[in-house]
Amino acid sequence: MADPAALDSRAAGGRNTLVLMGLLLGLLAAVSLFVGINRLSPGAVLSDPQALQLLAVSRIPRTAAVLLTGASMAVAGVIMQLLVRNKFVEPGTTGTNEAAMLGLLAVTLLTPAMPLFGKMLAASASALAGTALFILLARRIPPERPLLIPLAGLVYGGVLMACATFFALQTDLLQYLGIWMTGEFSGVLAGRYELLWLAGGLAVLSYFAADQFTIAGLGRNISLNLGLRYGQVLGFGIVTVSLVSALVIVTVGMLPFIGLVVPNLVSRIMGDNLRASLPVVAGTGAGLLLLCDILGRLLRYPYEIPAGTVFGIFGAAVFLYMLLGRRPHG
Amino acid sequence: MIKITGLSYGHGAKPILDGIDAEIPAGRITALIGPNGAGKSTLLNLIAQQLAPSRGCISLDGMDAARIAPAQLARKMAVVAQNLTVASRVRVKDLIGFGRWPHSQGRLTAADRAAIGDAIELFGLAPLQQRFLDELSGGQRQRAFIAMAYAQDTGWLLLDEPLNNLDLHHARNLMAQLRSLAEQRGKGIVIVVHDLNYAISWSDHVVALKDGRAVFQGPVDEAASAASLTALYQTPVAITRIGGLPFAQYHR
Amino acid sequence: MADRRILGLGCLLAAAAALFLFWGLRGPTAYILELRMVKLAGLLSVGAAVGVATVLLQTISHNRILTPAFMGFDALFLLLQTGLVAGLGIAGSSRIPALAGFLLDAAVMMGAALVLFTSVLSRTRHDIQLMVLTGVVLGLMFRTLTAFVQRLMDPSEFSIVQARMFAQFGGIDSEALAVALGLMMLAFLWLWRNHAVLDVAALGRDTARSLGVGHDRLQLKVLCIIAALVSVSTALAGPIAFLGLLVTSLAHSLMRSHRHALLLPAAALISALILVAGQTVFERVLMLQSTLAVVIEFCGGLLFMFLLAKGKIR
């Protein structure tokens with residue numbers, strides 16, 4: 001029999017981690033509220049109605065947008081990794097982002113007056129189709145060849161991007177496409193980011209299927225053996241990943257590396273049992289992206305560096321360290 | 001009892017399995033034997049409903065196995081596959097815990113915890129229970145998966161090459177545990193085994209496959225004769241008895 | 001005694017080249033012919049370099065799905081171009097002589113590749129898969145940086161960068177071309193003398209070593225050659241990401257041989273043929289100057305996916 005005291009101390013350790021993470025996130029969020037071009041001090045909020053206005057219209061929405069994006073992208077990344085059973089993928093390297101872009105481009109060309117919500121629907125639908133196609137392809141690749149899947153994803157994304165580029169070149173929209181290529185939050189205002197709550201909601205929803213995703217990550221055979229409806233879990237995962245990616249691209253732009261780096265970091269320490277690790281994945285994603293956004297606001301003050309760029313460099317460095325820094329296996 | 005009638009898999013000139021009829025008794029150990037490429041693993045996967053046959057049917061305790069809902073089937077039958085490559089990092093204890101999923105859907109009861117502790121104990125995994133799967137050796141990982149199937153606590157247990165990565169001690173131990181599961185708890189066990197001596201000395205029943213067909217089957221003492229084994233493997237096999245158990249001599 | 005398929009490819013290429021040179025020749029004949037000759041030489045050399053480099057990379061990594069584009073060459077080139085235009089402005093960047101620009105691009109890419117190869121390979125005990133993954137991650141990072149700089153540009157600056165984002169054969173500088181050809185000839189000469197040892201290296205590190213081939217040294221040498229070929233061709237014309245994938249799959253299925261004496265020339269010829277024929281069609285029939293590279297990327301990628309789905313790539 002397992003020692004119940006040991007079990008309890010592990011659960012308590014998990015709770016402590018979550019509490020600590022919550023405190024850190026709160027601290028970061030507080031900093032984020034008071035950093036920006038327009039000076040805002042905590043004291044002013046109480047006395048100055050204009051400061052309150054700034055807080056409500058710009059700073060709070062921006063902070064919320066960053067937290068939601070970071071958390072939901074990290075969750076999308078970990079789900080993607082379990083679905084294709086590969087640690088080196090994320091929605092950005094499996095064609096999901098490119099498919100969403102293609103959908104956005106199509107809708108921009110065909111019906112330029114389409115409101116944001118319509119664009120979001122188009123991007124989601126095409127991301128869904130793109131992701132499903134990739135997963136079908138990835139399942140034909142033997143799991144013993146771990147490098148094949150990210151490379152296939154890269155080629156797949158390249159093919160989709162070549163389509164987008166071809167049409168963008170003919171219509172002189174290439175630089176316009178670039179707007180979606182870099183995720184940043186300086187344009188986030190109340191009324192222009194609320195779609196992200198949907199992404200956050202999806203991330204929360206996926207927690208209810210945490211065990212199912214973990215089992216699916218063990219492979220089709222084991223899932224069937226345990227009586228899991230594998231197809232349904234796969235479908236739910238694809239929908240979650242695609243919708244989250246599309247929502248994020250439409251509202252703030254592409255954010256590479258979050259879905260790749262955060263799950264790998266957490267998996268190293270906690271493993272992949274999502275029941276325990278999903279909240280930590282979400283919290284780490286949110287915290288790291290917020291940190292990058294704050295840094296982006298401060299590094300070239302009064303100008304901004306997009307959070308996506310800061311995270312791109314930081315994420316690449318962390319990932320390379322994880323890849324090369326570990327002691328080679330004997 | 002598992003009753004297999006007219007089972008075929010694969011189309012074309014050379015199907016992988018071709019019109020298999022077999023009966024696998026409950027509460028016994030049945031070994032699927034035969035040369036390489038005979039279709040043993042395919043048959044096991046068909047019984048486990050991991051593959052769908054092109055023709056024929058399988059009845060499990062009197063029910064058409066294909067019509068049993070996945071969640072229900074998972075409470076009747078547990079499978080340990082041959083290829084256990086897992087990319088995600090899961091702890092041994094959590095893996096074995098997933099064996100209780102068909103019963104509890106993730107909300108572990110006291111009975112579930114007891115079953116998990118039991119499985120850990122029985123397969124000697126206590127010192128490894130907090131380790132991640134990718135930190136284990138091949139044999140340790142194999143034992144973890146077998147323990148998971150054990151924790152599933154099903155009437156039927158299907159194992160594809162369970163001895164592959166195990167050393168002498170653990171291989172013998174596993175077979176002894178399977179024996180006691182069959183004798184004391186009445187579980188039906190189906191194994192694919194390459195080592196002929198493990199097959200005939202531990203199992204009650206054999207089903208021999210060759211080129212996708214069932215060549216002979218029945219209780220070990222009757223079916224696994226020197227003549228039939230010699231024909232099956234196209235290698236001279238002599239059967240002697242050591243300590244009352246059959247022993248196949250084919251090494252030279 | 002050359003292989004008949006190689007001879008056939010050579011004839012096809014000669015025909016395509018003649019068509020490219022003389023089709024629709026009007027006006028100041030000598031002048032146009034000279035322009036077309038430079039362009040043709042550019043197409044031929046870029047094609048040969050990409051084809052050969054991809055075959056070499058696949059041999060030395062024992063992996064039939066790799067192409068140098070995965071390893072961040074294209075991304076670095078784009079970052080470099082974007083950085084130059086953003087840093088020096090339109091006027092400043094256009095004042096750089098073509099030859100100097102070419103040499104700068106080629107040198108930076110080659111330097112970066114050599115640093116990557118030597119540092120990562122020695123760190124990972126010659127685990128080339130890990131090196132490729134490193135290249136992929138660096139490529140993603142370069143792309144992120146490029147996208148950031150491009151956001152800051154005004155549309156006229158961006159249009160300059162856009163013109164360099166895809167391989168262009170129109171404005172190739174003849175001095176740069178001469179330098180590129182010289183370097184490539186050196187590489188090809190080495191390959192000509194060493195093609196047999198590559199056949200052995202393709203068997204895998206352990207087998208090659210037990211046959212007495214100094215695998216790791218050879219690997220580094222070949223990687224240097226790959227770096228040189230890719231840097232030079234990219235600096236000359238610009239990136240064509242998946243041309244290599246297209247070419248090696250075609251070369252393998254046409255030659256059905258593991259011998260580099262056949263594979264390397266076949267890949268070079270097929271690659272040049274695709275570029276020359278493609279450029280002829282796009283320039284003279286479809287009147288689309290800039291999109292050949294995009295279409296090749298699309299086709300190469302699509303073929304790769306098709307082979308993957310068919311289980312032909314393992």
Side-chain angles (χ1 to χ4, degrees), chain A residues 88 92-93 133-134 136-138 140-142 144-148 150-152 154-166 169-170 172 174-175 178-184 253-257 260 303 305-306 308-317 319-320 323-325 328-329, chain C residues 63 65-67 69-70 119-120 123-125 127 129-134 136-155 157-159 161-162 165-166 241-242 245 288 290-291 293-305 308-311 313-314:
Chain A
F88 301 130
T93 60
L133 195 64
F134 179 75
L136 278 181
L137 185 81
R140 308 192 71 133
I141 299 174
E144 300 82 48
R145 298 288 308 275
L147 198 60
L148 205 50
L151 291 185
L154 231 51
V155 177
Y156 180 62
V159 169
L160 294 177
M161 206 55 208
C163 285
T165 308
F166 183 84
L169 269 177
Q170 308 307 322
D172 246 333
L174 205 55
Q175 197 172 17
I179 294 176
W180 291 312
M181 298 268 281
T182 316
E184 62 126 15
M254 269 190 209
L255 286 155
F257 284 114
L260 187 67
Y303 301 104
I305 302 174
T309 309
V310 180
F311 202 101
I313 296 165
F314 165 79
F319 194 70
L320 287 182
L323 212 56
L324 305 173
H329 291 293
Chain C
N63 194 328
I65 55 162
L66 288 182
T67 161
F70 285 143
S119 65
V120 176
R123 231 195 134 71
T124 59
R125 299 189 183 176
D127 183 347
Q129 310 261 325
L130 218 49
M131 191 190 78
V132 173
L133 207 54
T134 308
V136 168
V137 172
L138 286 175
L140 279 176
M141 187 180 81
F142 293 151
R143 261 180 245 280
T144 313
L145 280 175
T146 309
F148 165 57
V149 178
Q150 284 177 354
R151 271 175 81 99
L152 303 178
M153 291 181 151
D154 61 52
E157 283 177 332
F158 183 78
S159 67
V161 176
Q162 180 179 323
M165 277 163 82
F166 315 100
F242 301 148
L245 283 181
L288 295 167
S290 57
T291 43
V294 181
V295 173
I296 285 181
E297 171 149 353
F298 181 74
C299 296
L302 218 54
L303 177 74
F304 174 83
M305 311 280 297
L308 201 63
K310 285 259 145 199
I313 299 175
R314 286 276 125 132

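Every chain is numbered from 1 and lettered A, B, ... according to where its sequence line falls, protein lines coming before strand lines. Computed from a predicted model, the values in this text were never measured in an experiment.
- When every heavy atom of C/Met141 is checked against every heavy atom of A/Ala316, the shortest pair comes out as SD-CB, 3.5 Å.
- C/Arg143 meets the salt bridge (charged side-chain N to carboxylate O under 4.0 Å, His left out) test with no other residue; sequence neighbours excluded.
- Residue contact with chain A, scored on non-hydrogen atoms closer than 4.5 Å, is absent for C/Val161.
- The two residues A/Val159 and C/Phe242 have their closest heavy-atom pair at N-CE1, 4.3 Å.
- Nearest heavy-atom pair across C/Met305 and A/Ala152 is SD-O, 4.2 Å.
- With a threshold of 4.5 angstrom between heavy atoms, A/Phe166 approaches chain C through its backbone and through its side chain.
- The shortest heavy-atom contact between C/Thr144 and A/Pro256 is OG1-CG, 3.8 Å.
- Contact count versus chain A (heavy atoms, under 4.5 Å) is highest, among C/Leu152, C/Leu140, C/Leu138, for C/Leu140.
- We find the CD1-CG distance between A/Ile313 and C/Leu145 to be 4.5 Å, quoted to the nearest 0.5 Å.
- Atoms CG and CZ, from A/Leu154 and C/Phe70 in turn, are 6.0 Å apart once rounded to the nearest 0.5 Å.
- C/Arg151 contributes atom CZ, which lies 12.5 Å from atom CD1 of A/Ile305 (distance to the nearest 0.5 angstrom).
- By the ring pair (Phe, Tyr, Trp, His ring centres under 6.0 Å) test, A/Phe311 is found to be paired with A/Phe314, residues two or more places apart in sequence or in another chain being considered.
- For the set C/Leu302, C/Val136, C/Val137, C/Val132, the entry with the most heavy-atom pairs within less than 4.5 Å of chain A is C/Val137.
- When heavy atoms are compared at a cutoff of 4.5 Å, C/Gln162 approaches chain A solely by way of its side chain, counted from C-beta outward.
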